[in-house]
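Residue numbering restarts at 1 for every chain, and letters A, B, ... go by the order of the sequence lines. A quick note: this is a predicted structure, and the numbers were derived from the prediction, not measured.
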Amino acid sequence: MLAPLHSVNTSQPPVTHFPPEHCCLSIDHLSLAYAGKEALRDLTLSIPRHRVTAFIGPSGCGKSTLLRAINRLHDLNEAVSHSGQIVLEGQDIHGPQVNVTELRRRVGMVFQTPNPFPMSIYENVAFGLRLQQRLPKRKRDDIIEWALTSAALWDEVKDRLHRSAWQLSGGQQQRLVIARTLAVKPDVLLLDEPASALDPISTLKIEELIRNLKSELTLVLVTHNMQQAARVSDYTAFLHQGELIEYGPTDQLFTNPRLQRTENYITGRVT
Amino acid sequence: MTGVPADTAPSRRRLHWLDGLWPWLCAASVALSLLMLGALLTLLLVRGLGHFWPATLEEVTLRSGETFAGQAVREVALPQQPGDERLYFTGNRDIESVRWRWVAIDDIAMQAQPMDLIRLERSPWDDFIGRLVAIEQHDQRWEGDAAWQQLTSLLALPVSQRPDSQLLLITASGQAVQQPLANVVSAQAPNAMTWRQKTLAWSQSVWRFLSEGPRAANTGGGVWPAIFGTVLMVILMSVIVTPFGVLAAIYLNEIAHQGRLTRFVRIGVRNLAGVPSIVYGVFGLGVFVYGIGGSLDEWFFSETLPSPTFGTGGLLWASLTLALLTLPVVIVATEEGLARIPEAQREGAVALGATRLEMLTRIVLPMAAPAMLTGMILAIARAAGEVAPLMLVGVAKLAPQMPVDGEFPYLHLERKFMHLGYHLFDTAFHGDDVQAAIPLVYATALLLVLIVLVLNLTAIFLRHYLRRQRGSEC
Ligand SMILES: Nc1ncnc2c1ncn2[C@@H]1O[C@H](COP(=O)(O)OP(=O)(O)OP(=O)(O)O)[C@@H](O)[C@H]1O
Ligand SMILES: [Mg+2]
């Protein structure tokens, strides 16, 4: 078991703090609206480095919206307005000196539904690499093998790397997308319900993958599966209607939630 | 059931009756369309290709004692009295001053198909139908069968190597004429030909039709310059319209703010596709030919003024006008392709650190390529058959020079060019001999259909290939 990184401020509402050396990402009074319709309201939380942080909450509560805010995908949508700060490794991601494409490389994102590109498996994983710099083929091949191995996909696809990625099964596609993201060596990996459409075996593979990746990067996981959050995450945040309701170490939040609403949600009672 | 109101039952039964019928209605309309299409193609094929088949020549003796030779073309009922009359193509306009003859069937006393009747295709005159008596070359002379053999061997030589010879001919009515060999394009004795020889002769005339220039004010000869002009113009048009249309579609779909103005522009573009093509021709004439072309002449070709270089209709202006005409088609098709690409694909690329341009060039454009090609296919299909605007901006009845030749800069964009569609129109209505034009009109129409088909198929195969390469269906 990992040593706890946090300290708890017992004032109301309770806030989980991480000392700067353990804090990877801190979100500060973030509010976000789609065309004036509020999706996130005054969110403040920080995410520890080399840990898995899970976001849970009912559908439509803003989990995906929050993940997208972290790698500035909302920039593509003119209708989105936001206020507040997101600070990654001490730097405001909306700051003037930040290079958005470099930020997005550092903050990898795996989407709710697998979205492999219509190219070969190899080219999918090489996509991000080709954007970076010209690598000798040998080196690129090595990185691709490493990424596919890390995503627990190598053995299944090593004989058909040049076949279309769209021929893979849903679970394989999801792992391919993870490998594609890993190939560019991100510091943070955002996973939006990576196992929502998968069978139990593939789900277990992905969970194991998440645990293995923890030593190399910071993970943020959105899930609707309480057992999954309990199994793989170190910290859990419960969101409801765009607000952060409760945030704390996973075992504590699941066994001893401070708020009744959290307990209701975890135990499946209608709120 | 008790809860169901009683009056719903009959209406349900009626729907059932329609249920059995509607697939048949749909199938019938498909069948009807196919039937009409098939009829069109059959007509073009039979009339167009049949024209080149070596037709049997008949020697006809009338009750009046007059004799002539010719090819029977068709029969119609006589206008006032009972019975039919038959149209013969007799040729020999230089000798007998008519080339067609209507003869009442009842007037025919005797009808035969002698083996020695021949038909000469001549230039500048039209066909000769009659008999070959002899060939004279300097002091040599061949007669009878030997003359015929000598003639075929002479015609097998390339034109430049044919010696000076005189053909002594006689018409069916007994009039003797002399004809220099240089005027003869080809010779046939169709009544003496076997099927194999006829097939060979047929393929040769089809080939000459495809590969030679027109003769006799477009009522004879081939259509090669028109084929070339049509294809070249369509290719130029595609080269111009595709990048423009694709860029415009990308702007509308990917870059522009999706507000009221963009919607307005989009509706405008869609409606442009419905503007009559002659209007584009007027625009091309006013803006491209007189406006831009006139200015170009003033700036760069002032030494040749007042005779215009670019200030008159030409290949470039025609291609540009048609590009403008087909631009909406390309824009709409490309936009539809772009809109079909899932947002997740774009986000996936961007989330890996791609810039907007990288996302466009590496994900969006390859995925939209089949749609762009669809746009191009539709553009080609529309442009290849368009005639009206071309008449204003550069098509010619007879272009003195081809738009591509060995002379620098090889591609002459300012030249007028020939076009199959216009050639068809001109042959059908502007020739002095409508009867002779009819089979050529069919043949040209068939060719136009085939060319549009080939151009389209090329683009379709290209699209298929792109899709296969990607292993995707989008
Ligand atoms: N592109 C968008 N435009 C407008 N509103 C949006 C958009 N995306 C999300 N929303 C709204 O924002 C709110 C939060 O959506 P979000 O996708 O973040 O929910 P979520 O927590 O991820 O839900 P789920 O668990 O179902 O994925 C919802 O009310 C949703 O309707
Ligand atoms: Mg979501």
Of the backbone (N, CA, C, O) and the side chain (C-beta and beyond), which part of [X] lies under 4.5 Å from a heavy atom of chain B, both, or neither?
{"X": "Pro116(A)", "value": "backbone"}
{"X": "Leu131(A)", "value": "both"}
{"X": "Phe117(A)", "value": "both"}
{"X": "Gln112(A)", "value": "neither"}
{"X": "Arg72(A)", "value": "neither"}
{"X": "Val100(A)", "value": "neither"}

Between atom [atom1] of [X] and atom [atom2] of [Y], what is the distance when rounded to the nearest 0.5 Å?
{"X": "Glu78(A)", "Y": "Gln258(B)", "atom1": "CD", "atom2": "CD", "answer": "8.0 Å"}
{"X": "Asn71(A)", "Y": "Glu347(B)", "atom1": "CG", "atom2": "CD", "answer": "9.5 Å"}
{"X": "Met359(B)", "Y": "Thr101(A)", "atom1": "CE", "atom2": "OG1", "answer": "13.0 Å"}

Honestly, the part of Arg362(B) sitting under 4.5 Å from a heavy atom of chain A is both
More than 12 heavy atoms of other residues, nucleotides or ligands under 6.0 Å from CZ of Arg160(A): yes or no? yes
Problem - More than 12 heavy atoms of other groups within 6.0 Å of Tyr34(A) OH - result: yes
Least distance between heavy atoms, Gly348(B) atom then Arg180(A) atom |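 Heavy-atom minimum between the residues: CA-NH2, 4.1 Å.
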Item to check | Minimum side-chain heavy-atom gap Arg104(A)-Val350(B) below 4.5 Å | outcome: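 Answer yes - side chains close enough.
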#### Entry: Check: Ile363(B) and Met119(A) side chains under 4.5 Å, non-hydrogen atoms
yes
Counting heavy-atom pairs under 4.5 angstrom with chain B, the leader among Arg68(A), Arg130(A), Met109(A) is Arg68(A)
Note: vs chain A, highest number of non-hydrogen pairs under 4.5 angstrom among Gln345(B), Arg346(B), His257(B), Glu358(B) is Gln345(B)
